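See below for the structure under consideration.
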Amino acid sequence: MQDFMYEITSGNWATELTFKSVLIVLGSSLAIGLIISLVYLFTHKAEGYSQAFCVSLILLAPIVGMVIHVIGNNVATAFSLAGAFALVRFRSAPGDPKDIAFVFLSVTMGLTCGLGYWIYAFVAVCVLSVIIVLLHLTNFAGRDKKRFELKITVPETLNYAGAFDETLKKYTNRFEMKRVKSVDFGALFEITFDITMKNTDEVRKMLDDLRIINGNLKIMLSTETTNRSFHFQ
């Protein structure tokens with residue numbers, strides 16, 4: 001019994017491809033993938049999440065684990081699998097950096113299980129899960145909820161320099177013009193401000209006042225953290 005436990009915990013069983021080793025890799029990596037997915041669900045309740053992404057987090061760990069376990073020390077197999085995976089092309093746009101971190105976590109834990117060190121993988125995922133939850137609950141490095149990006153479209157005939165200052169002083173604690181660009185072949189200008197609202201309940205009043213100045217053209221107020229925006233056109 002002691003020899004068996006030593007074999008399981010030390011990773012020696014992973015040197016050969018057996019039915020027992022496959023079950024251990026699949027079982028441990030699936031459990032770890034499920035933990036990672038549950039942590040992701042907990043930390044993304046407010047901002048929303050994709051069901052497909054959560055399922056992918058569960059499946060990535062056992063897939064990577066089995067790939068590593070099958071390769072083992074066989075160099076020929078490693079080159080064969082590398083050639084097969086080289087045929088796969090992913091053309092999805094980069095997502096949230098946190099999502100990418102969860103993907104790497106699932107892949108790393110699957111790799112660890114595939115090498116036979118599933119106990120270390122469980123310890124690592126538990127420690128990292130606690131850290132992730134603490135960072136989420138404390139809103140570490142979180143953006144001020146009253147801070148927004150304001151984009152105002154103005155006609156080319158309007159002298160936009162200082163045109164919105166009085167209105168922004170009324171509703172914001174701070175505002176700064178970040179950039180100006182021409183749109184619609186120069187017929188319009190888009191002005192971008194970085195603002196901090198005094199009271200988020202007055203967003204609609206501020207936008208109504210700004211629409212009077214810009215001739216009821218498009219205005220967009222958005223936050224970088226949630227990608228939520230208010231459009232008026």
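Note that the structure is a prediction, hence the values are computed from the model and not measured.
Counting all heavy atoms, side chain and backbone alike, S21 lies closest to H69 at OG-NE2, 2.7 Å. The two atoms that bring L30 and P62 nearest to each other are CD2-CG, 3.6 Å, heavy atoms only. Of all heavy-atom pairs between V25 and C113, the closest is CG2-O, 3.8 Å. The minimum heavy-atom distance linking A61 with S106 is given by the pair N-OG, 3.3 Å.
In this structure, the side chain of K198 engages the main chain of K169 through a donor-acceptor pair within 3.5 Å. In this structure, the side chain of H44 engages the main chain of Y40 through a donor-acceptor pair within 3.5 Å.
With rounding to the nearest 0.5 angstrom, the CG atom of L207 is 11.5 Å from the CD1 atom of I212. The distance from atom CE of M206 to atom CG of D201, rounded to the nearest 0.5 Å, is 12.5 Å. To the nearest 0.5 Å, the span separating CZ on R179 from NZ on K151 amounts to 5.5 Å. The CG atom of N199 sits 6.5 Å away from the NZ atom of K146 when rounded to the nearest 0.5 Å. The structure places CD1 of I100 at 12.5 Å from NZ of K98, a figure rounded to the nearest 0.5 Å. The CD atom of E149 lies 5.5 Å from the OG1 atom of T192; values are rounded to the nearest 0.5 Å.
Between F148 and T172 there is no side-chain heavy-atom pair separated by less than 4.5 Å. Using a 4.5 Å heavy-atom cutoff, the side chains of F189 and L158 are not in contact. Contact of the F102 side chain with the T43 side chain is registered, since non-hydrogen atoms from C-beta on lie closer than 4.5 Å. A heavy-atom distance below 4.5 Å is found between the side chains of L105 and I132.
Every residue meeting the side chain to side chain contact (heavy atoms under 4.5 Å, CB included) condition with S37, not counting sequence neighbours, appears here in chain and number order: C54, L57, I58. A search for side chain to side chain donor-acceptor pair (under 3.5 Å) contacts involving D209 returns Y171, not counting sequence neighbours. Under the rule for a salt bridge (charged side-chain N to carboxylate O under 4.0 Å, His left out), the partners of E176 that lie at least two apart in sequence or sit in another chain are R174. By the side chain to side chain contact (heavy atoms under 4.5 Å, CB included) test, S50 is found to be paired with A52, F53, residues two or more places apart in sequence or in another chain being considered. Take Y160 and apply the side chain to side chain donor-acceptor pair (under 3.5 Å) test, not counting sequence neighbours, and it matches no residue. Every salt bridge (charged side-chain N to carboxylate O under 4.0 Å, His left out) that K181 has, sequence neighbours left out, goes to E190. Partners of F42 by ring-ring contact (aromatic ring centres under 6.0 Å, His included), not counting sequence neighbours, listed by chain and number: H136. I152 is linked by a side chain to side chain contact (heavy atoms under 4.5 Å, CB included) to L150, V154, F164, F193, L210, N214, I219, counting only residues two or more places apart in sequence or in another chain. Contacts of L111 classified as side chain to side chain contact (heavy atoms under 4.5 Å, CB included), with partners at least two apart in sequence or in another chain: V64, I68, L115.
Note on L38 and L137: same hydrophobic cluster, where clusters join Ile, Leu, Val, Met, Phe, Trp and Tyr whose side-chain heavy atoms are under 4.5 Å apart, directly or indirectly. Note on I32: it does not cluster hydrophobically with L23, by side-chain heavy-atom contacts below 4.5 Å among ILVMFWY residues.
Hydrophobic cluster membership for L134: V130 (Ile, Leu, Val, Met, Phe, Trp, Tyr linked by side-chain heavy atoms under 4.5 Å, directly or transitively).
The aromatic rings of Y120 and Y117 lie tilted to each other, with the angle between the two planes from 30° to 60°.
Neither side chain, D99 nor Y49, offers a donor N or O lying under 3.5 Å from an acceptor on the other.
Salt-bridge annotation for D208 and R211: present, with a side-chain N of the basic residue lying under 4.0 Å from a carboxylate O of the acidic one.
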